[in-house]
Asks: 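Shown below is the structure under consideration.
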Amino acid sequence: MATPADDWFGKAFSKAWKDKAEEIGRFNLAIFGKTGVGKSTLVNAIFGSEIAATGIGEPVTRSEHLYLHQSGTLGVLDTRGLEVGRDNATLIAELKDYLHGMRRKPLAEQIHVAWYCVRAGDRRFEPTEAEFIRALHELGLPVILVLTQVPRAGSRVHPDAEALAASIAALDLPIEGGLIHYTMAMADEFTGQTAYGLQELLDATFRGAPSGVAHAITAAQRIDFVRKRDRAEVAIKAATGAATTAGASPIPFSDAAILVPIQLAMMASIAVTYGIPIERSTAASIAATAAATTAGRSLVGNLIKFVPGAGTAVAGTVNATVAGTFTYAMGHAWLRVCERLARGELRMVGGALDSKTIHKVFMDEFKVQASRRRLSS
């Protein structure tokens with residue numbers, strides 16, 4: 001049963017999550033290719049299945065041939081009712097009109113990268129497809145060329161796919177890095193095919209996109225946890241520095257709520273970075289920290305005792321070292337929870353998050369990180 005403390009903390013965390021999500025913005029990917037090349041499978045393999053659940057998305061042109069699906073930090077633009085190679089002129093005209101209007105909007109509302117997908121099994125790449133890629137480039141879209149459903153034995157891809165890639169490369173198309181990316185989005189147990197090429201495609205997408213959407217791509221993607229951790233640690237470092245500065249002032253322990261906004265912003269940033277939805281991350285944050293009073297005091301009071309050298313005197317002050325250690329340990333403990341949630345390692349119990357397990361994961365990591373930070377400081 002939710003307590004007033006839970007309600008306060010939940011509302012505060014939810015607001016921080018929304019603020020951080022708005023700050024991070026959205027990465028918008030345009031994806032093209034003939035029908036049946038596996039565009040949706042490829043997007044879902046890298047970014048998760050949330051986009052597929054949004055249906056056909058919102059039409060973005062009056063002719064209703066271009067649709068933008070939106071889910072959190074990801075937007076995917078695709079086509080309905082038109083075929084690349086057959087309706088190039090219509091598609092390019094609509095794209096030109098749409099992109100022209102977007103360039104007057106904030107970065108999060110623009111299209112940042114285009115994937116053009118070719119199914120390796122088709123064994124051909126038509127002149128009209130080359131024309132379409134050149135037209136996308138002329139519109140200012142970085143184009144990444146992807147061969148989909150490419151069989152591989154060991155480290156070698158199928159010779160037919162190599163031949164197709166060589167014929168495409170000979171056209172000297174304006175594609176990012178001059179590279180053609182081989183992919184297999186889904187493993188197949190029957191044939192023994194493994195999924196591969198997804199990380200390389202994601203890396204190319206980071207290179208092609210504006211630097212201003214790098215955090216949004218990091219949050220949206222579901223395969224590169226190193227990038228997520230690196231980005232989360234940036235938030236922890238910033239919050240630790242802010243808390244240390246605050247702790248250097250004579251803050252009475254009874255007024256330690258001054259640290260809570262810093263820590264809430266940090267936790268929200270980490271949750272968004274790991275792609276944890278607002279409802280789920282709010283519930284998990286309450287479970288992890290055992291909530292707080294309306295002044296935020298019990299959040300600090302319940303956890304500060306686990307920081308070596310902090311003492312237990314409520315009337316004392318939170319010095320710079322303690323404030324920094326506390327925030328650092330809290331950030332890494334929450335990172336651990338978010339990473340396990342994102343990996344699907346913290347299962348639901350009766351349709352709800354397993355609060356006891358989440359709290360244990362958080363507290364175990366908090367104690368380890370608090371001791372480690374204290375010893376190294």
Asks: What are the two closest heavy atoms between M266 and T327, and how far apart are they?
Replies: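 Looking at all heavy atoms of both residues, the shortest contact is CE-O, 3.6 Å.
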Asks: Side-chain contact test, heavy atoms from C-beta onward, threshold under 4.5 Å: evaluate it for F125 versus L173 and give yes or no.
Replies: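 Touching, per the 4.5 Å side-chain cut-off.
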Asks: Same cluster for I262 and M330 if Ile/Leu/Val/Met/Phe/Trp/Tyr side chains link at under 4.5 Å?
Replies: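 Hydrophobic grouping puts I262 apart from M330.
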Asks: Could you tell me whether the side chain of H100 reaches within less than 4.5 Å of the side chain of K96, counting heavy atoms only?
Replies: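 They are not in side-chain contact.
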Asks: Distance alone, cut at 3.5 Å: any donor-acceptor contact between the side chains of W115 and T205?
Replies: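 Yes, T205 and W115 have a side-chain donor paired with an acceptor closer than 3.5 Å.
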Asks: Kindly give the heavy-atom pair with the smallest separation between A219 and V272, and that separation in Å.
Replies: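 Distance-wise, the nearest heavy atoms are CB-O, 3.2 Å.
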Asks: Answer with yes or no whether the side chains of H181 and E200 bring together a donor and an acceptor at under 3.5 Å.
Replies: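 No pair is found: no donor N or O on one side chain lies under 3.5 Å from an acceptor on the other.
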Asks: If I compare all heavy atoms of L198 with all of A45, which pair ends up nearest, and what's the gap?
Replies: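 Closest approach of L198 to A45, heavy atoms only: CD1-CB, 3.8 Å.
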Asks: Return yes if some donor-acceptor pair links the side-chain N/O of Y196 with the main-chain N/O of V150 below 3.5 Å, else return no.
Replies: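 Such a contact is found between Y196 side chain and V150 backbone.
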Asks: Set out, in order, the CA-CA distance, both residues' side-chain angles and the distance that settles salt bridge (charged side-chain N to carboxylate O under 4.0 Å, His left out) for E233 and R229, then state yes or no.
Replies: CA-CA 6 Å; E233 287 182 343; R229 175 174 281 270; 3.7 Å; yes
Asks: Return the CD to CZ distance between Q369 and F326, rounded to the nearest 0.5 Å.
Replies: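 That separation rounds to 14.0 Å.
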Asks: Can you tell me how far CZ of R119 sits from CD of Q149, rounded to the nearest 0.5 angstrom?
Replies: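 Between atom CD of Q149 and atom CZ of R119 there are 5.5 Å.
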Asks: Are the side chain of W334 and the backbone N or O of A288 linked by a donor-acceptor pair below 3.5 Å?
Replies: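 Flag not set: sc W334 to bb A288 has no pair under 3.5 Å.
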Asks: Would S281 and F13 count as a side-chain contact (heavy atoms from CB on, under 4.5 Å) here? Give the steps.
Replies: CA-CA 9 Å; S281 56; F13 181 89; 3.5 Å; yes
Asks: Testing the basics here: between I286 and G10, what is the closest heavy-atom pair and its distance to 0.1 Å?
Replies: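 Heavy atoms of I286 and G10 come nearest at CD1-CA, 3.9 Å.
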Asks: Using the rule that Ile, Leu, Val, Met, Phe, Trp and Tyr join whenever any side-chain heavy atoms are under 4.5 Å apart, tell me whether L202 and L179 fall into a single cluster.
Replies: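 Cluster IDs for L202 and L179 differ.
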Asks: With D78, which of H69, K39, H65 fulfils side-chain hydrogen bond (donor to acceptor under 3.5 Å, both in side chains)?
Replies: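 Exactly one candidate clears the test, H69.
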Asks: Can you name the one residue among K228, E339, R340 that meets side-chain hydrogen bond (donor to acceptor under 3.5 Å, both in side chains) with Y274?
Replies: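 Exactly one pass, corresponding to E339.
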Asks: Is there a donor-acceptor contact under 3.5 Å from the side chain of D224 to the main chain of T218?
Replies: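 Not at all, since once roles are kept as given, no pair shorter than 3.5 Å links the two residues.
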Asks: Which heavy atom of A161 sits nearest a heavy atom of A120, and at what distance?
Replies: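 Closest heavy-atom pair between A161 and A120: CB-CB, 4.2 Å.
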Asks: Is there a side-chain contact between L136 and L95, using heavy atoms and a 4.5 Å cut-off?
Replies: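 In contact.
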Asks: Checking T183 side chain against L147 main chain: does a donor-acceptor pair fall under 3.5 Å?
Replies: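 Confirmed, T183 side chain pairs with L147 backbone.
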Asks: Is there a side-chain contact (heavy atoms from CB on, under 4.5 Å) between H215 and S269 once you walk through the steps?
Replies: CA-CA 10 Å; H215 197 166; S269 179; 4.3 Å; yes
Asks: Could you verify whether a donor N or O on one side chain and an acceptor N or O on the other, from Q70 and R26, lie under 3.5 Å apart?
Replies: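 Result is yes, a qualifying pair exists.
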Asks: To the nearest 0.5 Å, what is the distance between CG on L107 and OG on S211?
Replies: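 That separation rounds to 8.5 Å.
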Asks: Are V113 and I144 side-chain neighbours, meaning at least one heavy-atom pair lies under 4.5 Å?
Replies: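 In short, these two side chains touch, coming nearer than 4.5 Å.
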Asks: Going through the checks in order, is the side-chain contact (heavy atoms from CB on, under 4.5 Å) test met by T148 and Y182?
Replies: CA-CA 6 Å; T148 65; Y182 299 111; over 6 Å; no
Asks: Is there side-chain contact between L346 and D354, with at least one heavy-atom pair below 4.5 Å?
Replies: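 In short, these two side chains do not touch, never coming nearer than 4.5 Å.
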Asks: Can you name the ring-ring contact (aromatic ring centres under 6.0 Å, His included) partners of H112, sequence neighbours left out?
Replies: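 H112 satisfies ring-ring contact (aromatic ring centres under 6.0 Å, His included) with F27 once adjacent residues are dropped.
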Asks: Can you list the steps and then say if E83 with T90 is a side-chain contact (heavy atoms from CB on, under 4.5 Å)?
Replies: CA-CA 10 Å; E83 180 78 12; T90 303; over 6 Å; no
Asks: Test of understanding: clusters of I, L, V, M, F, W, Y form through side-chain heavy atoms closer than 4.5 Å, transitively. Do L335 and I278 belong to the same one?
Replies: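 Same hydrophobic cluster.
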Asks: Starting at CG of L29, measure out to CD1 of I111 and round the result to the nearest 0.5 Å.
Replies: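 So the gap between those two atoms works out to 8.0 Å.
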Asks: Quiz question: by atom type and distance under 3.5 Å, do the side chains of T282 and S14 form a donor-acceptor pair?
Replies: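 There is such a pair between these side chains.
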Asks: Would a distance-only check, ignoring hydrogens and angles, find a side-chain to backbone donor-acceptor pair under 3.5 Å from H359 to A287?
Replies: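 Confirmed, H359 side chain pairs with A287 backbone.
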Asks: Mark yes when over 12 heavy atoms from residues, nucleotides or ligands other than Q199 sit less than 6.0 Å from its CD; otherwise mark no.
Replies: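 Correct, the count exceeds 12.
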Asks: When rounded to the nearest 0.5 angstrom, what is the spacing between CG in L42 and CZ in F47?
Replies: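 Spacing of CG (L42) from CZ (F47) equals 9.0 Å.
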Asks: Within the structure provided, determine whether I31 and C117 are in side-chain contact (heavy-atom separation under 4.5 Å).
Replies: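 Yes - at least one pair of side-chain heavy atoms lies under 4.5 Å apart.
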Asks: Looking only at atom types and distance, does a side-chain atom of D188 sit under 3.5 Å from a main-chain N or O of F190, one as donor and one as acceptor?
Replies: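 Such a contact is found between D188 side chain and F190 backbone.
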Asks: Between D364 and K360, is there a salt bridge with N-O shorter than 4.0 Å?
Replies: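 A salt bridge is present here (some side-chain N lies under 4.0 Å from a carboxylate O).
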Asks: Just by modelled atom types, is the Y67 backbone N or O under 3.5 Å from a matching donor or acceptor in the R80 side chain?
Replies: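 Between the backbone of Y67 and the side chain of R80 there is no qualifying donor-acceptor contact (under 3.5 Å).
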Asks: Could R372 and Y328 be counted as a cation-pi pair, given that NZ or CZ must be under 6.0 Å from the ring centre and within 45° of the axis?
Replies: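 No - R372 does not lie over the ring of Y328 by the 6.0 Å and 45° rule.
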Asks: Do V37 and V146 come within less than 4.5 Å of each other through their side chains, counting heavy atoms only?
Replies: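 A side-chain contact is absent here, since even the closest heavy-atom pair is not under 4.5 Å.
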Asks: Look at the side chain of E129 and the backbone N and O of E126, then say whether any donor-acceptor pair between them is shorter than 3.5 Å.
Replies: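 Yes, E129 side chain to E126 backbone: donor-acceptor pair under 3.5 Å.
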Asks: To the nearest 0.5 Å, what is the distance between CD1 on I175 and CD1 on I133?
Replies: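 The distance works out to 7.0 Å.
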Asks: With side chains defined as the heavy atoms from C-beta onward, is the minimum distance between R343 and F225 less than 4.5 Å?
Replies: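 In short, these two side chains touch, coming nearer than 4.5 Å.
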Asks: Establish whether I92 and L68 are linked, either directly or via other cluster members, by ILVMFWY side-chain heavy-atom contacts under 4.5 Å.
Replies: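 The answer is yes; both residues are in one hydrophobic cluster.
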Asks: Give the cluster check for M363 versus V368: same hydrophobic cluster or not, with ILVMFWY residues linked at side-chain heavy-atom distances below 4.5 Å.
Replies: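 Result: no, two separate clusters.
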Asks: Show every salt bridge (Lys or Arg N to Asp or Glu O under 4.0 Å) that has at least one partner inside residues 146-168, sequence neighbours left out.
Replies: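 Counting only pairs at least two positions apart or across chains, the salt bridge (Lys or Arg N to Asp or Glu O under 4.0 Å) contacts touching residues 146-168 are R123-D160, R156-E162.
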Asks: With a 4.0 Å cut-off on N to O distance, would you call D230 and R227 a salt bridge?
Replies: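 Not counted as a salt bridge, because no side-chain N and carboxylate O are separated by less than 4.0 Å.
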Asks: Would the distance check show the side chain of T325 and the main-chain N or O of V322 forming a donor-acceptor pair, the cut-off being under 3.5 Å?
Replies: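 Here the side-chain-to-backbone pair does not exist.
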Asks: Show your working on salt bridge (charged side-chain N to carboxylate O under 4.0 Å, His left out) between K15 and D19 and close with a plain yes or no.
Replies: CA-CA 6 Å; K15 182 181 184 305; D19 290 345; 2.9 Å; yes
Asks: Does a salt bridge link R134 with E131, judged by any charged N lying under 4.0 Å from a carboxylate O?
Replies: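 No salt bridge links R134 with E131.
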Asks: I need the minimum non-hydrogen distance between A209 and V213, along with the two atoms involved.
Replies: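 Closest approach of A209 to V213: CB-CG2, 3.8 Å.
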Asks: For R124, is the CZ atom crowded, meaning more than 12 foreign heavy atoms sit under 6.0 Å from it?
Replies: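 No, because the 6.0 Å sphere around CZ of R124 holds 12 heavy atoms or fewer from other groups.
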Asks: Please say whether more than 12 non-hydrogen atoms of neighbouring residues, nucleotides or ligands are located less than 6.0 Å from CD in E345.
Replies: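 Atom CD in E345 is crowded, with more than 12 foreign heavy atoms closer than 6.0 Å.
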